[in-house]
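Both counts, for ligands and for their atoms, begin at 1 and track the order of listing. Position 1 is the first residue of the sequence, and the numbers go up from there. Values in this document were obtained by computation on a predicted structure and should not be read as measured data.
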Amino acid sequence: MAKKTIDQVDVASKRVLTRVDFNVPIDDEGKITDDRRIRQALPTIKSVIERRGKLILMSHLGRPEGKGFEPEHSLKPVAARLAELLPGVKVMFPGNDCVGPEAASAISAMNDREIVVLENLRFHKQEKTGDGLFAAKLANYGDIYCNDAFGTAHRNDASMLAVPLAMKGKPRVAGLLLQKELKYLSEAINNAKPPFVAVLGGAKVSDKLGAIRNLMSKVDTILVGGAMAYTFLKALGQEVGSSLVEARMVNEANAILAAAAASRTDLVLPQDHVCGKQISQYTPVEVHEGNIPYGWMGLDIGPKTSSQFGTILAGAKTVIWNGPMGVFETQPFDVGTKQVAQAIARATKKGAMSVVGGGETAAAVEAFGMAEQFSHVSTGGGASLEMLEGKAFDSIAVLDDA
Ligand code: AMP
């Protein structure tokens, strides 16, 4: 069900309490090293400010203990960066407690077109526990609730669920970033044009199990790369050398292979591997087809696999991708991931719809300078994976329907 969005409600002179994901990396000197999450929230922020709303932004940052203020987890640098991105707009950062008296009085004194950024929600452990009393204090700040924090959408933190529940009767809407994420991820999965290809990689089968099971009946082909391929190959009785294998998942991998054989979905495993004895840039490398000898680790898909995956992707009309094909952080084991990224980008250029999952996969396409070449690169790692698993999110269900 589509959700009502912030641009569909009148915000003039109203206090719009908005949950954003400003969980940006900050270095030891307090400098933001990547401000993408702040920039991605700008469409929602501008939509409210340009229509004379009063905007109250709340977020978490990092993993503080939940026992009060910690300077290294303060959102102060984020508020300062936001002010730089919005010249002419007053951005306030009152006090060091999101539910403290300074925050409350700054909000009650706000004028139209002004922004208050609240201090880190997770300085209160009640944010993670979803506490109703804490949520009620936050809920008091708003006439309208807006959720634009896709990266946290799979979590029932207070600001994601208890706050909108406490604001029942007031408008509760999706922000423009959240709307975009839902549109791409749910459309890719539920209204996909065939051939529909899923590319799954990364470290562990256990992390992707739910996604594989959910996608099995929906996609035409699942291409498996990354370390998780070795648990499948081991299940098939192949020698995998010292490659990363989840021993306790071998039976489960067998069950998935059997389910794939009985379904209409092809599950394709790598036929060759770029191997090393350690994960380092100048380590000697060998390509092995089939069995991997003792002492060697499969660290990337090999050239034959890359080319086979490329051929399958060339015909795809819908592609979802989650998880790198190898240890992309260390050359030369980035090649398979890069070639798969290029194959998906080519398919996209020919009209396919492509969605790249957040987390490590988004980091990989950013590192390759290719983020613009896909239909959508998700901002949520865990959240986008849970959408691939077919899970419904309480934090989204609570929002008003369109
Ligand atoms: P995930 O967070 O599950 O998507 O896993 C991403 C991580 O898997 C990245 O840090 C990769 O370096 C790692 N990875 C991918 N392929 C391999 C492999 N063949 N061996 C070891 N690690 C791998």
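- Of the protein's non-hydrogen atoms, Val327 CG2, 3.6 Å is the one closest to atom 22 (N) of ligand 1.
- Ranking the protein heavy atoms by distance from atom 2 (O) of ligand 1 puts Glu360 CG, 3.5 Å first.
- Around the NZ atom of Lys4, the shell of radius 6.0 Å holds no more than 12 heavy atoms that belong to other residues, nucleotides or ligands.
- Contact annotation for Tyr230 and ligand 1: only side-chain heavy atoms (C-beta onward) come within less than 4.0 Å of the ligand.
- The 12-atom threshold is not exceeded at CD of Glu372, counting heavy atoms of other residues, nucleotides or ligands nearer than 6.0 Å.
- Of all the heavy atoms of Glu329, the ones lying under 4.0 Å from any atom of ligand 1 belong exclusively to the side chain.
- Using a cut-off of 4.0 Å between Lys/Arg side-chain N and Asp/Glu carboxylate O, Arg122 and Asp157 are scored as salt-bridged.
- No N or O atom of Met325 sits closer than 3.5 Å to an N or O atom of ligand 1.
- Between the side chains of Asp7 and Thr5, at least one donor N or O sits under 3.5 Å from an acceptor N or O.
- Contact annotation: for Met228 versus ligand 1, there are no heavy atoms closer than 4.0 Å.
- Under the 30°/60° scheme for interplanar angles, the aromatic rings of Tyr230 and His273 are found to be tilted.
- Numbered from 1 in the order shown, with element, the atoms of ligand 1 that lie under 4.0 Å from a heavy atom of Gly202 read 1 (P), 3 (O), 4 (O), 5 (O), 6 (C), 8 (O).
- Between His154 and Phe393, the angle of the ring planes lies from 30° to 60°, which puts this pair in the tilted group.
- More than 12 heavy atoms of other residues, nucleotides or ligands shown are found within 6.0 angstrom of CZ on Arg39.
- Counting only non-hydrogen atoms, the option in Gly298, Gly381, Gly326 that gets closest to atom 19 (N) of ligand 1 is Gly298.
- The closest approach between any non-hydrogen atom of His273 and ligand 1 is not below 4.0 Å.
- Residue, atom and distance of the protein heavy atom nearest to atom 4 (O) of ligand 1 are Lys208 NZ, 3.3 Å.
- Atoms of ligand 1 lying under 4.0 Å from any heavy atom of Gly226, numbered from 1 in the order shown and given with element: 16 (N), 19 (N).
- Counting only heavy atoms of the protein, atom 20 (N) of ligand 1 lies nearest to Ala227 CB, 3.6 Å.
- Salt bridge present: Arg81 and Asp35 bring a charged side-chain N and a carboxylate O closer than 4.0 Å.
- Nearest to atom 3 (O) of ligand 1 among the protein's heavy atoms is Ala203 N, 3.2 Å.
- Between Glu127 and Arg155 no salt bridge is recorded (no basic side-chain N to carboxylate O distance below 4.0 Å).
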